[in-house]
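This report concerns only the one structure given below.
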Amino acid sequence: MRRFSLIVTLALVLVTAGVLPAAATHPASALSQPDFADVRVAPTLPHGCQEGVLPGGALSLICVPTTGWNGDLLIWAHGYVAFNEPLAFYNLYLGETYLPDLVQSLGYAFATTSYRTNGLAIVSGVDDVVELLAAFPGVAGQAPTHTYMSGASEGGIVTALMAERHPELLTGALSACGPIGDFKKQTDYLGDFRVLFDYFFPAVLPPSPIAIPPAVIDNWQTTYVPAITQQVRANPRLALQLMSTSRAATQLFSMSSMISTTVNVLWYNAFATNDAREKLGGNPFGNRTRIYRGSLNDPLLNQRVQRFRAAPVALAALNAYQTTGRLTVPMVTLHTTGDEVIPFWHQFLYRDKVQTSGRGQLVQMPIFRYGHCNFTGDEALAAFAILIFISTGEAIPGLPEHFDPAQIERDFQQAARLTDAVHPPD
């Protein structure tokens, strides 16, 4: 009876893992799946768009409406792309709508960059956006009147860092589902999930969690995703303990969401670990003193789970990836409460560090739904409309003009109550 009660307790923990019991499954959004899933490209270069190469080697795409341009510009920063994918323009679809076309239809110019590198591209991505902005007048014939920036996932932190480090270049920023609270804790979250998975499901993935064999990357979809799926489905008690100890978001009593959470988080371990270790100069993950809780036998778990020490050089390198919270321009954030890849607790951590001055202000919009960057098109457009309004006091023609900051704050406080049992790694 005690073991049954513990299993029920583990399941109930998922209620506070950042989701409501009922959640939309596939809203019409290019971001409704993890950002690496959307690699569609436009079949032809849209009218009014020009491709180029920036000084640092990143590709650029700049689109200016041929008629009706309001003089303003929206910069788009895409999400994480695996190191072994080609440089290209990613995450450019909102459902079935091509973002450059949508943005231009609202009267705005549109610009984006591939970044000069895939994989961990945050710091260099900021430099690429600066170069993109410098290139814009040469294409458009003039500098923009207002410049807004939006990005999702990895692009979300690129956007936040641009707002903090280059406020003179931006009128406002929209940061969606990015690791803006603490990048070190994000690396620990991914590492913790992998070592906990290996404890509950030994021998499914070959060692080591901090050095991924090429065979895992090469055969991820054909060999390892089916193996992970089969093991999680066949062992729901272990899967519940994995979710409880890692505090990863999932839908209540949903096996399919436990599978998708496991596969999606482990994808980042498989495809991002080696690249990050190379770029940071060493392993950034450390859990030597971490105490894991939430299993049926925590003492045994903490005795047997794999332990690693982070390399000092990597920890020092991570400082360049940390936000400061110092905002002098308006910023809106958009984040699903049940984000399994980049947890919602980043929003709490960022709020705690925010210091505003000048025009700086922060509006945080929680979306009560499971899934990484799992927004509808209407939600994304509403967030953009709010950004325009708090930045300039203007409304976007054709979009709702109502903005209730008190209701948004009430929603955020509700999200805090729902997720108060979900916390970043120690």
When you look at [atom1] of [X], are more than 12 heavy atoms from neighbouring residues, nucleotides or ligands closer to it than 6.0 Å?
X: Glu278; atom1: CD; answer: no
X: Arg233; atom1: CZ; answer: no
X: Arg309; atom1: CZ; answer: no
X: Arg165; atom1: CZ; answer: yes

Cationic N near anionic O, under 4.0 Å, Asp298 to Arg293: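 Looking at Arg293 together with Asp298, the answer is no, because their closest N to O distance does not fall below 4.0 Å.
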
Looking at Glu409 and Arg351, does any basic side-chain N land under 4.0 Å from a carboxylate oxygen?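 Yes, charged N to carboxylate O under 4.0 Å.
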
Quick one: does [X]'s side chain get under 4.5 Å of [Y]'s, heavy atoms only?
X: Arg369; Y: Glu379; value: yes
X: Thr117; Y: Ser124; value: yes
X: Cys49; Y: Ile62; value: no
X: Glu51; Y: Phe89; value: yes
X: Ile217; Y: Pro214; value: no
X: Leu132; Y: Ile75; value: yes
X: Leu418; Y: Gln413; value: no
X: Ile386; Y: Ile408; value: yes

For [X] and [Y], indicate whether the former's side chain and the latter's backbone hold a donor-acceptor pair under 3.5 Å.
X: Gln347; Y: Ala415; answer: no
X: Asn235; Y: Leu238; answer: no
X: Asp128; Y: Arg116; answer: yes
X: Glu340; Y: Val265; answer: no
X: Arg247; Y: Pro425; answer: no
X: Arg359; Y: Thr171; answer: yes
X: Thr273; Y: Ala270; answer: no
X: Asn91; Y: Gly79; answer: yes
X: Ser244; Y: Gln241; answer: no
X: Thr147; Y: Leu73; answer: no

Can you measure from [atom1] ([X]) to [atom2] ([Y]) and round to the nearest 0.5 angstrom?
X: Leu99; Y: Leu61; atom1: CG; atom2: CG; result: 11.0 Å
X: Phe384; Y: Phe389; atom1: CZ; atom2: CZ; result: 14.5 Å
X: Phe375; Y: Leu381; atom1: CZ; atom2: CG; result: 12.5 Å
X: Asn283; Y: Asn274; atom1: CG; atom2: CG; result: 10.5 Å
X: Ser295; Y: Leu300; atom1: OG; atom2: CG; result: 8.0 Å
X: Thr262; Y: Leu196; atom1: OG1; atom2: CG; result: 11.0 Å

Residue pairs passing the side chain to side chain donor-acceptor pair (under 3.5 Å) test where at least one lies in residues 197-214, sequence neighbours excluded: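 Sorted pair list: Arg194-Asp198, Asp198-Gln306.
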
Check the side chains of Arg410 and Gln407 for a donor-acceptor pair under 3.5 angstrom, ignoring hydrogens and angles. yes

Contacts under 3.5 angstrom, residues 312-332 side chains, donor-acceptor by atom type, not counting sequence neighbours:
from, atom 1, to, atom 2, distance (Å)
Asn319, ND2, Ala316, O, 3.3
Gln322, OE1, Phe183, N, 2.9
Gln322, NE2, Asp182, OD1, 3.1
Thr323, OG1, Ile180, O, 2.5
Thr323, OG1, Lys353, NZ, 3.1
Thr324, OG1, Glu164, OE1, 3.2
Thr324, OG1, Arg326, N, 3.2

Determine, step by step, whether His146 and Ser391 satisfy the side-chain hydrogen bond (donor to acceptor under 3.5 Å, both in side chains) criterion, reporting the C-alpha distance in whole Å, the side-chain angles of both residues, the deciding distance to 0.1 Å, and the verdict. CA-CA 9 Å; His146 299 107; Ser391 299; over 6 Å; no

When the ring planes of Phe193 and Tyr189 are compared, do they come out parallel, tilted or perpendicular, using 30° and 60° as the limits? tilted

What orientation do Trp267 and Tyr80 show, parallel under 30°, tilted 30 to 60°, or perpendicular over 60°?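 Answer is perpendicular, since the angle exceeds 60°.
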
Would you list the pairs meeting salt bridge (charged side-chain N to carboxylate O under 4.0 Å, His left out) in which at least one residue belongs to residues 282-291, sequence neighbours left out?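 Sorted pair list: Asp188-Arg290, Asp192-Arg290.
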
Please identify each residue that fulfils side-chain contact (heavy atoms from CB on, under 4.5 Å) with Ala234, with sequence neighbours left out.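 With neighbours one apart ignored, the set is Gln230.
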
Hits for side-chain contact (heavy atoms from CB on, under 4.5 Å) against Asn219, two or more places apart or cross-chain, chain-then-number order -> Ala215, Thr222, Thr223, Tyr224

Check Asp339, Thr336, Thr261 against Tyr370 for a side chain to side chain donor-acceptor pair (under 3.5 Å) and give me the one that passes. Thr261

Donor-acceptor pairs are to be reported for all side-chain atoms of residues 101-115 against protein atoms at under 3.5 Å, with residues two or more places apart or in another chain.
from, atom 1, to, atom 2, distance (Å)
Gln104, NE2, Pro100, O, 3.1
Ser105, OG, Leu102, O, 2.6
Thr112, OG1, Trp76, O, 2.8
Thr113, OG1, Leu59, O, 3.0
Thr113, OG1, Tyr115, N, 3.0
Ser114, OG, Leu59, N, 2.9
Tyr115, OH, His78, N, 3.2
Tyr115, OH, His78, O, 2.8

Please report the shortest heavy-atom distance between [X] and [Y], naming the atom on each side.
X: Leu54; Y: Ala135; value: CD2-CB, 4.0 Å
X: Pro207; Y: Pro213; value: O-CG, 3.4 Å
X: Lys185; Y: Pro424; value: CD-CB, 3.6 Å
X: Pro236; Y: Met255; value: CB-CE, 3.7 Å
X: Ala77; Y: Met149; value: CB-CE, 3.8 Å
X: His335; Y: Ile342; value: NE2-O, 2.7 Å

Please assess Arg307 against Asn302 for the test side-chain hydrogen bond (donor to acceptor under 3.5 Å, both in side chains), listing each intermediate value before the final yes or no. CA-CA 9 Å; Arg307 301 285 182 176; Asn302 284 286; 3.3 Å; yes

Tell me, with the steps shown, if Trp220 and Ile228 meet side-chain contact (heavy atoms from CB on, under 4.5 Å). CA-CA 10 Å; Trp220 177 255; Ile228 293 166; 3.6 Å; yes

Using the side-chain contact (heavy atoms from CB on, under 4.5 Å) rule, pick out the option among Val158, Leu170, Thr159 that qualifies with Val129. Val158

